[in-house]
Amino acid sequence: MKTLKDILYKVRLETVLGSTALSVHDIHFDSRQVLSGDAFVAIKGTQSDGHDYIEKAVSQGAVAIIVEQLPDYQEEGVTYVLVDNTQEALALMAANFYENPSRDLSLVGVTGTNGKTTTTSLLYQLFKNLGYKTGLISTVEILIDGTSIPTKHTTPDPMTINKHLAAMRDAGVDFTFMEVSSHGIAQERITGLHFKAGIFTNLSHDHLDYHKTFAEYRDVKKRFFDGLPADAFALFNKDDKNGPYMVQNTKARKIGYALKTYTDYQGSVLENQFGGLLLKVQGHELWTKMIGKFNAYNVLAIYACAIELRLNQMEVLEAISTLNGVSGRFQYFTTVKDKITAIVDYAHTPDALQNVLETINSIRTKNEKVITVVGCGGDRDRSKRPIMANVATTLSDMVILTSDNPRTEDPQEILKEMEAGVEPQHYKKAVTIADREQAIKTAANMAGPRDIILIAGKGHETYQEINGVRHDFDDRLKITTILKNLDK
């Protein structure tokens with residue numbers, strides 16, 4: 001059992017009222033979970049302020065309270081610790097509580113607007129297939145050497161992260177690959193972690209509901225690389241204009257990868273088709289089941305990362321060719337009878353949607369229609385809504401605007417904001433059907449032989465969130481059922 005003094009190591013303390021020699025059973029930032037002998041960290045969140053629940057935590061047996069503002073009344077026998085930033089304190093305390101597990105792993109963080117899930121998941125597959133014990137912390141799932149644990153956040157809270165990293169360490173995991181979101185960085189969730197490497201994929205319009213400006217969003221991402229230690233490496237997409245900026249102040253070794261720019265790891269696309277990609281990587285031809293130019297960058301990144309982590313080049317090239325795509329990322333299904341292709345993709349930003357549609361248009365023969373079903377999430381960045389509709393209608397033959405996860409917003413209002421982005425010359429291309437299932441059915445009924453349906457925005461998700469309630473909804477199951485009926 002740890003003492004409060006142990007778990008406060010490296011935390012910047014302003015005032016301590018009481019003893020730090022007391023034992024701490026567990027750490028919580030949700031007062032409802034506090035039990036006797038626990039420490040409670042008061043976090044000022046977007047929805048509520050943990051400082052309002054200090055009395056409740058004490059009444060439930062908390063022996064230590066970590067705050068940004070001392071309460072007027074301090075309970076006798078309870079230690080109160082004043083810090084400047086409780087989110088930062090929680091992260092450092094979590095790392096100390098679990099004995100800094102990240103230092104015993106080769107931890108690789110992947111950040112960027114698009115490609116985080118694909119890159120981390122492919123790295124996990126690659127290293128596991130080559131015989132290493134491997135861990136994964138991603139949007140889709142947490143994996144500890146093959147054992148899956150469901151997850152709801154791209155970057156979990158610090159206690160959850162360190163708990164899973166400790167489990168990975170105890171299971172003898174060699175390499176762990178982790179998605180690092182801008183929210184996770186801004187909210188100090190990765191503070192105190194020791195990264196062996198950081199990978200930057202790309203940067204485009206996203207999360208401006210939270211970060212307010214693109215510059216703020218970019219600079220939050222940059223903080224991850226600024227914090228990398230000198231013994232780490234920073235692998236960055238040199239073709240992205242933000243790539244060099246991301247790593248300009250890092251202490252880590254800088255390594256570039258690119259398809260267009262001369263740099264450390266060079267690649268080019270030789271063939272791009274629905275069956276996969278033929279790439280040239282560092283002079284070697286490489287076939288992969290991944291599809292599209294955006295995936296060429298992901299494959300190049302995992303190759304570069306593997307080589308920098310001292311894996312055998314020929315084994316890596318061979319293993320990459322066997323990797324499977326990530327669920328809900330350019331996942332496609334085809335009817336037997338009319339060869340109608342339906343693609344389900346998580347594309348929920350303008351840039352990601354453009355990448356997917358440009359990939360489809362580069363592969364298609366132009367004798368078939370591209371029908372896109374797309375929506376935008378509620379309670380999120382509203383500024384991208386008209387842009388998403390504009391991209392869809394510009395690059396598709398037909399577009400059905402529909403609900404995504406409306407959350408607490410009125411779906412019709414979201415759709416009105418999307419409709420504003422449709423240019424006059426594309427009015428005839430676009431229809432609006434708020435019911436997502438009906439929108440997918442309509443797209444399938446519109447499709448003729450060899451047409452292509454893109455269902456964008458939700459990808460791997462198995463729910464639709466409406467007024468705070470998650471209802472079962474899986475784009476992949478919906479479209480496969482519909483396509484089977486078309487084959488009858």
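All values below were derived from every heavy atom in this structure, side-chain atoms included, with hydrogens, water molecules and symmetry-related copies excluded.
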Y257 side chain vs A304 backbone, donor-acceptor pair below 3.5 Å:
no
Between T288 and N295, does any side-chain donor sit less than 3.5 Å from a side-chain acceptor?
no
Run the side-chain hydrogen bond (donor to acceptor under 3.5 Å, both in side chains) test against T462 and tell me which residues pass, sequence neighbours left out.
none
Please state whether the rings of Y132 and F127 are parallel, tilted or perpendicular, taking 30° and 60° as the class boundaries.
tilted
Charged tip of K221 within 45° of F200 ring normal and under 6.0 Å
no
Taking the six-membered ring for Trp and the full ring for Phe, Tyr or His, determine whether the centres of F195 and F224 are under 6.0 Å apart.
yes
Return the CG to CD1 distance between N237 and I199, rounded to the nearest 0.5 Å.
11.5 Å
Salt bridge R223-E188, side-chain N to carboxylate O under 4.0 Å
yes
Near K196 NZ, under 6.0 Å, is it more than 12 heavy atoms from other residues, nucleotides or ligands?
no
Kindly compute the distance separating OG1 (T341) from OH (Y332), expressed to the nearest 0.5 Å.
8.0 Å
Determine, for E409 against R385, whether the closest basic-nitrogen to carboxylate-oxygen distance falls under 4.0 angstrom.
yes
Residues passing the side-chain hydrogen bond (donor to acceptor under 3.5 Å, both in side chains) test with D472, sequence neighbours excluded, are none
Looking only at the side chains, is there a donor atom on one of S327 and R476 sitting less than 3.5 Å from an acceptor on the other?
yes
Quick one: do K458 and D474 make a salt bridge, cutoff under 4.0 Å?
no
For R407, which residues count as a side-chain hydrogen bond (donor to acceptor under 3.5 Å, both in side chains) partner, sequence neighbours excluded?
none
Without hydrogens or angle criteria, can the side chains of R329 and H460 be said to hold a donor-acceptor pair below 3.5 Å?
yes
Compute whether any side-chain donor of one residue and acceptor of the other, for Y297 and D240, lie under 3.5 angstrom apart.
no
Around atom CZ of R253, are there more than 12 heavy atoms from other residues, nucleotides or ligands closer than 6.0 Å?
yes
So which of E437, R436, Q438 actually passes side chain to side chain contact (heavy atoms under 4.5 Å, CB included) with I440?
R436
May I ask you to check whether S403 and Q464 show a side-chain donor-acceptor distance below 3.5 Å?
no
For A430 and T393, which heavy atoms make the closest approach, and how far apart are they?
CB-CG2, 4.0 Å
